[in-house]
Amino acid sequence: MSAATADDRAESIRMIRDSAAAVAPPGADLGRIRALRFTDPGFDRAVLVQMGEMGWLGLRLPEAQGGAALGLGEACALAEELGAALVPEPLVAAMLSAAVLAAAGAKLDDVVAGRHYLPLAWQDRADTLDIAAGRDAPRCFVPMAAGADGYLVPVREAGRLALYRATGEARIERTQDGGNLGSFVPVLGERLAADIALDALLDEAALLSAAYLLGGMERAFAMTLDYLRTRSQFGRIIGTFQALQHRAADLKMHLAMTRASVESAAAALDAGATGDARRAAVSRAKARAAEAGLLVTRQCIQLHGGIGYTDQYDVGLYLRKAMVVANQYGSATLHRRRFMATAPEGDE
Amino acid sequence: MSAATADDRAESIRMIRDSAAAVAPPGADLGRIRALRFTDPGFDRAVLVQMGEMGWLGLRLPEAQGGAALGLGEACALAEELGAALVPEPLVAAMLSAAVLAAAGAKLDDVVAGRHYLPLAWQDRADTLDIAAGRDAPRCFVPMAAGADGYLVPVREAGRLALYRATGEARIERTQDGGNLGSFVPVLGERLAADIALDALLDEAALLSAAYLLGGMERAFAMTLDYLRTRSQFGRIIGTFQALQHRAADLKMHLAMTRASVESAAAALDAGATGDARRAAVSRAKARAAEAGLLVTRQCIQLHGGIGYTDQYDVGLYLRKAMVVANQYGSATLHRRRFMATAPEGDE
Amino acid sequence: MDAIRIPAPGELDALEDDQFRHVVRAFVHAHYPAHLRNPPKRLHWAENQEWYHILAREGWLCPGWPKEHGGLGLSPAKQIILTEEYERHGVARCNDHGIVMLGPLVIQYGTAAQRQEFLPKILTGEHVWCQGYSEPNAGSDLAALRTEAVLDGDHYVVNGQKIWTTLAMDANWIFLLVRTDKHAKKQEGISFLLVDMTTPGITVRPIINLELHDEFCEVFFDNVRVPKANLVGQLNKGWDMAKALLGFERIFLGSPRQSGYALSRLKLLAERMGVADDPAFADTYARLRLDFEDLKALFGTYVDKLKRGETLGPDVSMLKVLQTELFQRITDTMLEIAGENAGLLEPMEGNRDLNLGGLYIQARPATIYGGSNEIQRNILSKNVLNLPG
Amino acid sequence: MDAIRIPAPGELDALEDDQFRHVVRAFVHAHYPAHLRNPPKRLHWAENQEWYHILAREGWLCPGWPKEHGGLGLSPAKQIILTEEYERHGVARCNDHGIVMLGPLVIQYGTAAQRQEFLPKILTGEHVWCQGYSEPNAGSDLAALRTEAVLDGDHYVVNGQKIWTTLAMDANWIFLLVRTDKHAKKQEGISFLLVDMTTPGITVRPIINLELHDEFCEVFFDNVRVPKANLVGQLNKGWDMAKALLGFERIFLGSPRQSGYALSRLKLLAERMGVADDPAFADTYARLRLDFEDLKALFGTYVDKLKRGETLGPDVSMLKVLQTELFQRITDTMLEIAGENAGLLEPMEGNRDLNLGGLYIQARPATIYGGSNEIQRNILSKNVLNLPG
């Protein structure tokens with residue numbers, strides 16, 4: 001990539017970050033997020049529509065399909081900003097739906113506009129990237145299923161993966177962040193495609209979930225630094241205690257490694273990585289983000305002491321969010337193994 | 001065990017610790033140890049004889065066989081004291097030889113007296129507790145083989161384990177602590193027993209090696225505390241830096257866990273644990289000591305800074321010793337696995 | 001279980017340790033309400049008073065109190081056995097601040113009148129106590145407390161705020177550390193006061209914690225008038241008294257039982273997730289298991305010290321640090337293997353033993369409360385390793 | 001390798017980065033003495049002067065110096081590529097203090113006479129330099145140095161002691177930080193002095209390190225007379241000069257190459273030990289590998305900054321901490337899987353690539369030298385995270 005292009009990309013990414021303020025205004029409190037917790041459907045449909053209007057849900061789609069034709073660099077930056085603000089509207093799942101419909105050549109306006117939420121119900125068990133494809137097999141762990149207007153369901157037919165629109169009575173389970181997951185036995189409706197490839201699209205979702213975690217880690221860490229700079233005990237600002245300083249330095253390094261991992265993976269995919277190269281890059285980033293996301297948020301609680309353990313203090317919301325997102329689209333263990341199975345040995 | 005017996009044991013263990021001063025005088029420098037490094041045979045035969053005279057090599061043997069009939073509590077205390085002083089004379093290997101000869105019903109005076117050093121050559125590969133028993137199979141990793149007056153070699157015969165006295169041209173490799181290991185193809189001599197059980201004896205050696213490591217860790221840590229209490233940088237005693245204080249506290253906890261592990265294993269065996277109960281107790285202790293022994297000694301180097309990286313400063317000798325002893329009679333990995341294979345699940 | 005005769009309370013202290021253990025097992029088996037076993041969250045008085053009253057009725061309520069005051073007069077070693085067996089059975093903690101903290105303090109430092117007034121009402125459950133020590137700016141640095149008591153005739157007038165007051169909403173009495181001399185050095189000028197929570201001027205506000213549970217409260221004092229007679233011990237000597245009471249009980253903070261419980265649930269979860277035989281998981285599990293076993297061995301050495309009648313030194317802090325961090329690592333591992341179940345609010349599959357998210361969150365404050373692990377490491381460094389200030 | 005034309009030294013800075021990388025590969029392939037690849041220990045002048053003189057002959061000795069002073073005038077980004085390719089090939093480090101440290105300092109702060117005197121002799125290898133900064137009580141706290149230089153006529157008289165002076169026994173010149181004003185504050189009153197090591201009063205005593213290697217020395221100064229003209233820069237401003245020179249080169253302390261090398265050896269060892277396919281080992285290896293890959297990605301972001309012409313901030317310290325601790329964890333793992341081989345003094349099986357004990361020991365000082373990792377974490381805390389002093 002020439003220097004000029006790199007500058008253009010940096011500018012494009014900066015603009016996306018700025019645009020995130022429409023849904024996640026800088027400096028805003030988490031009142032909206034708190035109000036939506038443990039409600040149905042757990043997010044605000046109007047905000048999802050707003051996200052559609054911002055062009056976010058079709059961000060990755062070609063312009064011919066009503067998309068913005070932007071790269072994963074931009075998509076990750078957006079997911080990161082929304083993660084920092086704990087936005088509960090299902091950005092990653094809705095982007096995935098839009099991408100799946102586009103791949104199917106199906107009508108996608110309502111989904112891209114955020115008017116319909118049609119999550120892809122692709123898994124039949126926990127911690128997998130394998131596509132569930134049994135016609136009657138129950139689908140599970142569908143994000144924000146309490147707000148679904150139906151589902152997209154892959155079904156194996158004659159050795160190929162078909163895509164159906166489906167309905168189903170979902171059993172809803174609440175999640176630690178105040179959202180929900182659903183499981184249901186699909187009742188198939190319209191067949192949208194006879195042969196569809198989902199792996200690359202799931203990989204993008206996995207990478208975006210890593211970016212979302214990164215945003216949350218960064219914000220929780222920033223809150224923690226503020227606390228360390230202002231809280232006093234034993235007549236001293238606690239940020240002057242060397243043991244806490246070194247802990248904070250360690251967290252900073254986890255953040256730096258996670259950012260490098262996520263951004264380099266996005267860059268690799270934007271540069272055209274496919275197949276194993278794509279899988280290795282995504283798995284590297286998601287393994288890092290899942291592990292660091294849990295580690296950093298729990299350390300942030302510890303550095304806050306008692307106040308961090310109250311529900312009214314925001315840092316705990318980040319802990320709970322990490323618990324939910326860390327293993328979505330594959331846990332650290334799954335991705336570590338996939339990385340080793342797909343990455344070439346180094347050039348040492 | 002009644003309170004009176006417990007007191008007697010504590011007294012007996014205290015006496016053994018005191019007696020160790022004969023070879024490892026308290027407060028003595030490591031001049032003798034340094035002088036023996038990288039020499040042949042790497043230890044002082046006169047000191048081995050002295051250890052025999054102290055009754056140490058036959059410590060565990062019944063009085064009828066010229067032993068002191070003491071328990072593993074006492075044996076571990078002794079190994080620990082010698083580990084603290086880095087005594088290079090092969091206490092553990094020589095005690096093992098004495099125990100093997102006793103089990104064979106063979107003549108053992110010279111070995112118990114420390115006049116002959118006849119190490120058991122029981123392994124044919126690295127990191128195993130399996131007894132090598134091929135008649136012509138090379139034996140390896142024989143401790144302090146440069147000082148061996150011959151070997152004890154187990155040989156599988158008609159489904160039983162026979163014991164031979166053997167000779168062999170040993171290839172000697174120097175070790176990081178200044179000692180050596182030997183490998184050789186055995187030339188069998190006298191058959192000392194037709195059927196001998198070695199597993200329990202090897203377990204005792206493994207436990208003693210754990211105790212030896214514990215002693216070294218304790219001494220290296222004590223040196224490090226002294227350094228932290230006296231060394232100044234930035235106009236402050238470095239032991240006042242909280243990050244170093246917490247590191248030291250962590251090392252103290254590793255030491256406490258290791259001591260509890262080793263001493264409880266010794267107590268279990270002294271209380272009659274056999275079979276899997278014995279294996280689980282020993283493996284627990286050796287897994288802990290091997291891992292903590294390496295960890296603590298390398299942290300001690302770090303806490304010393306530059307001076308810790310010089311050969312003339314003693315703390316490095318403990319690092320080098322841990323490198324040699326950690327994996328003798330089984331590595332942490334081997335023992336962790338054996339523990340899981342032999343320990344009953346908890347009573348939770 | 002074969003019927004074991006449960007001796008009268010006054011005979012318990014004379015039993016052999018092993019015999020005593022069997023008696024405790026029989027006791028909980030016979031008396032503990034099954035529906036209260038292993039509750040996922042700390043119980044409120046409304047839920048646990050049933051057990052409190054059973055203990056009171058059977059005379060088992062106060063294991064550590066001397067017999068003459070209605071306790072069992074058990075040795076530290078026997079109290080540990082009792083606790084171990086309670087924990088093994090999944091017995092929930094009572095609102096026990098009167099039993100564990102206030103009773104022993106009144107017995108040691110109170111006047112005859114105070115003993116007569118307060119001890120019997122703990123034994124009947126008429127008084128349910130809570131402990132008012134921490135304040136918003138006096139957490140780890142407790143001696144910085146500022147809640148003030150000023151003498152006005154026959155009363156102290158109390159103003160200020162306490163926080164992290166466990167189950168204050170359930171209590172009708174609170175014992176307080178208050179500042180009675182603003183000009184003295186930090187740890188001096190603090191006194192110990194007993195306050196009826198129905199006194200005007202007290203406001204209790206529950207704090208919802210990360211478990212989404214109201215275990216703690218803030219308690220506000222606005223010109224609360226407390227009779228002079230409710231001062232325990234000497235004026236301005238409250239700090240020393242409260243500290244002296246932190247006796248061998250500190251060992252309980254390091255009881256490996258909590259980690260043992262979590263480990264068994266990790267094992268169950270691993271089986272449900274199909275990774276129990278996965279060698280990489282097995283390696284992680286083996287390390288946790290060995291940490292647990294060695295912690296048990298280390299804990300045992302402290303119990304042995306108590307059995308020998310020794311007092312425990314500051315090194316007992318090691319147990320608390322090791323146990324709480326092990327507990328956390330176990331629950332961390334749960335999340336790692338649980339896939340999307342890691343994010344569920346309720347126990348997985350509706351099985352209380354698969355309450356992984358709940359356990360993960362419960363494990364967080366373990367390293368913060370009871371003296372944060374940072375404070376414990378400071379103590380180890382200074383008082384055990386003798387590193388300079 | 002296909003024959004790649006190696007351009008004249010003066011043309012190297014104009015190459016595209018990729019092209020330059022290929023040229024460097026061809027250069028080391030053509031010129032580097034095979035017997036010096038991946039030496040297990042730091043080489044002495046007697047061993048590495050062969051390579052020094054090759055570099056000098058080819059005009060490649062001083063990549064960072066401006067062309068007018070005989071350097072290659074390479075950009076930071078190209079210098080990193082050069083270093084990467086040297087490391088990939090296993091090129092040993094020269095006695096390079098004159099090249100890396102002194103040369104740039106004299107170019108920036110020296111007089112015309114000093115440049116004329118000293119630069120050409122570095123380029124020919126006539127002067128081999130060592131760096132006299134650390135002292136027994138001024139290690140991490142370098143500004144506490146006490147070696148003193150007192151003006152006496154046309155000379156400074158130097159008294160004191162330096163320590164950890166790398167390869168001082170090989171050097172004939174030493175550059176020193178010395179105290180020239182005892183009454184100024186710590187970092188002030190320090191000057192920069194060039195000293196001919198053949199001057200009477202200098203004693204060099206090698207220190208044997210844990211590698212059993214004499215890489216470092218103590219250097220003693222007993223009334224050593226140094227001409228006034230050998231002062232570089234302003235009197236009492238030596239500290240600022242020396243610090244200013246710590247430029248982008250700090251990135252090299254965080255080059256992942258060392259970990260990459262160690263990782264490949266760990267893999268080889270695992271194969272030799274038969275555990276390469278053991279799932280528990282594979283899990284450990286995967287974590288190390290991912291740490292390495294992400295460190296490479298992070299390192300790349302700093303290289304990109306240099307390419308964009310940005311200067312590096314104090315956050316570059318992260319690379320050093322991450323790389324050195326990863327290097328250590330890799331060698332720790334080697335010992336864990338090597339069984340009794342872990343204790344061998346010499347490489348296992350006589351194979352230089354299985355020098356596991358040696359690597360384990362070599363990895364220790366990585367977290368101590370170049371600013372200990374404790375110091376680096378202090379820097380991160382204060383200068384990157386803006387936590388209070």
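Each chain gets a letter, A, B and so on, in the order the sequences are listed, and its residues count up from 1.
Of all heavy-atom pairs between A126(B) and G339(D), the closest is CB-CA, 4.4 Å. Pairing each heavy atom of E340(D) with each of L181(B), the nearest pair is O-CD1, 4.1 Å. Smallest separation of non-hydrogen atoms from I301(B) and L210(D): CD1-CD1, 3.9 Å. For W164(D) against I307(B), the heavy-atom pair with the smallest separation is CZ2-N, 3.4 Å. Across every non-hydrogen atom of Y360(D) and L294(B), the tightest pair is OH-O, 3.8 Å.
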Quick one, Q176(B) with I361(D), criterion side chain to side chain contact (heavy atoms under 4.5 Å, CB included). Give me CA distance, side-chain angles, the key distance, then yes/no.
CA-CA 10 Å; Q176(B) 292 283 356; I361(D) 289 180; 3.4 Å; yes
One pair to check against side-chain hydrogen bond (donor to acceptor under 3.5 Å, both in side chains): S331(B) and E336(D). What are the steps and the verdict?
CA-CA 7 Å; S331(B) 69; E336(D) 286 166 18; over 6 Å; no
For R236(B) and D141(D), what are the C-alpha separation, side-chain angles and deciding distance, and is it a salt bridge (charged side-chain N to carboxylate O under 4.0 Å, His left out)?
CA-CA 10 Å; R236(B) 289 167 56 181; D141(D) 183 16; over 6 Å; no
Apply side chain to side chain contact (heavy atoms under 4.5 Å, CB included) to residues L212(D) and D311(B) and explain how you reach the verdict.
CA-CA 7 Å; L212(D) 305 177; D311(B) 187 61; 3.4 Å; yes
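Of the listed residues (G330(B), G306(B), A332(B), A326(B)), the one with the most heavy-atom contacts under 4.5 Å to chain D is G306(B). Ranked by non-hydrogen atom pairs under 4.5 Å with chain D, the options Q302(B), R174(B), R231(B) are led by Q302(B). Chain B forms more heavy-atom pairs under 4.5 Å with one residue of S372(D), S134(D), P365(D), A342(D) than with any other, namely P365(D). Most heavy-atom pairs under 4.5 Å with chain B, from the set N137(D), I337(D), L344(D): that is L344(D). For the options R320(B), R298(B), Q312(B), Q328(B), heavy-atom pairs under 4.5 Å to chain D are most numerous at R298(B). When the candidates F38(B), Y329(B), F241(B) are compared by the number of heavy-atom contacts under 4.5 Å with chain D, F38(B) comes out ahead. When the candidates V324(B), T128(B), T175(B) are compared by the number of heavy-atom contacts under 4.5 Å with chain D, T175(B) comes out ahead. Note on D127(B), N327(B), N180(B): by heavy-atom pairs under 4.5 Å with chain D, the leading option is N327(B). Chain B forms more heavy-atom pairs under 4.5 Å with one residue of R377(D), H213(D), E346(D), E374(D) than with any other, namely E374(D). Your options are L142(D), N341(D), N378(D), and the one with the most heavy-atom pairs under 4.5 Å with chain B is N341(D).
With a threshold of 4.5 angstrom between heavy atoms, Y309(B) approaches chain D through its backbone and through its side chain. For chain B, the nearby part of A338(D) is the backbone; its heavy atoms alone come within less than 4.5 Å. Of the two parts of Y313(B), neither the backbone nor the side chain holds a non-hydrogen atom closer than 4.5 Å to a non-hydrogen atom of chain D. Interface remark: I238(B) contributes no atoms to any contact with chain D (heavy atom separation under 4.5 Å). Residue contact with chain D, scored on non-hydrogen atoms closer than 4.5 Å, is absent for R171(B). D278(D) touches chain B through its side chain: at least one heavy atom from C-beta onward sits under 4.5 Å away, while N, CA, C and O do not. The contact between L319(B) and chain D is made entirely by side chain atoms (from C-beta outward), counting heavy-atom distances below 4.5 Å. In this structure, chain B has no heavy atom under 4.5 Å from any part of L356(D).
For the atom pair CG of L345(D) and CD of E173(B), the computed distance is 10.0 Å after rounding to the nearest 0.5 Å. Here CD of Q299(B) is found 8.5 Å from OG1 of T367(D). Values are rounded to the nearest 0.5 Å.
At least one side-chain heavy atom of I207(D) sits under 4.5 Å from a side-chain heavy atom of T310(B).
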